[in-house]
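Remarks on the structure that follows.
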Amino acid sequence: MKAFSMISEYRRNHRPVVAGAKGFTIIELCVGMVVLAIMAAFAAPQIARYSRNVSLRNAIYQISGDLHTVKTQAVRGQVLCAVNFDNVAQQYTLGAPLNRTIDLDDFGGGVAFTANPDGGADVFTPAIQFTPRGMSNSIVTNQIYVTNQDNTIFRIQTSPTGAISIDRYNPGSNSWS
């Protein structure tokens, strides 16, 4: 009798799936996967563009930060310090006492130096020097242009007084902001 009650209890707890049971069918799961795949296909280019823009911004902030570091080293050491930009090799070098070279390829996203996009004079600066007073060793504003695969362009400027600024190019209005 005990065996019969165990079999009855097993049947009560392990009933076969019947009509009206809750869950998803294979067809519903397949339709959901297709919808998810279509959404991913539309989102992938946006995610890639976002990633390239993040790479560009990282490069811009790194270059700006390195300019500030070299300026600080010039003031601290009371010496002339420079950052040298190589438009061909797509890298820049922090002069003594830092002596470090940064390659733009390391940022990814097609980050590269570029020419002036607004039709003005191409004043890409091969070197920016800072004096022991923290000022630029130039009577003109130094400009560096950096772009990515999406042709988003930023300009880093150093004024004769040593101020460092970052601007983004707006191709629709042919202006910087």
| remark: Residues passing the side-chain hydrogen bond (donor to acceptor under 3.5 Å, both in side chains) test with Asn137, sequence neighbours excluded, are Gln129
Would you say the side chain of [Y] lies within less than 4.5 Å of the side chain of [X], judging by non-hydrogen atoms?
X	Y	value
Trp176	Arg155	yes
Phe130	Leu67	yes
Ile144	Tyr92	no
Pro97	Cys81	yes
Pro160	Met135	no

| said: Below 30° counts as parallel, above 60° as perpendicular, anything between as tilted: where do the rings of Phe113 and Phe85 land? | reply: perpendicular
Minimum heavy-atom separation for [X] to [Y], with atom names?
X	Y	value
Pro117	Asn174	O-OD1, 4.3 Å
Ala89	Asp103	O-OD1, 4.0 Å
Ala127	Asn84	CB-OD1, 3.2 Å

| query | Phe154 and Tyr169: aromatic ring centres closer than 6.0 Å? | reply | no
| Partner of Ile164 by side chain to side chain contact (heavy atoms under 4.5 Å, CB included), out of Thr158, Ile128, Ile63 | Thr158
Donor-acceptor pair, side chain of [X] and main chain of [Y], under 3.5 angstrom:
X	Y	result
Asn99	Ala96	yes
Asn148	Thr152	yes
Thr72	His68	yes

| Atom pair CG/CZ of Leu94 and Arg100 - distance to nearest 0.5 Å | 5.0 Å
| note | One should read off an interatomic distance between Ser136 OG and Lys71 NZ, to the nearest 0.5 angstrom, of 9.5 Å
| Evaluation steps, side-chain hydrogen bond (donor to acceptor under 3.5 Å, both in side chains), between Asp66 and Gln62 | CA-CA 6 Å; Asp66 287 340; Gln62 176 73 42; 3.1 Å; yes
Side chains of residues 25-37: which donor-acceptor partners sit under 3.5 Å, not counting sequence neighbours?
| unit_1 | atom_1 | unit_2 | atom_2 | d |
| --- | --- | --- | --- | --- |
| Thr25 | OG1 | Glu28 | N | 3.2 |
| Glu28 | OE1 | Thr25 | N | 2.9 |

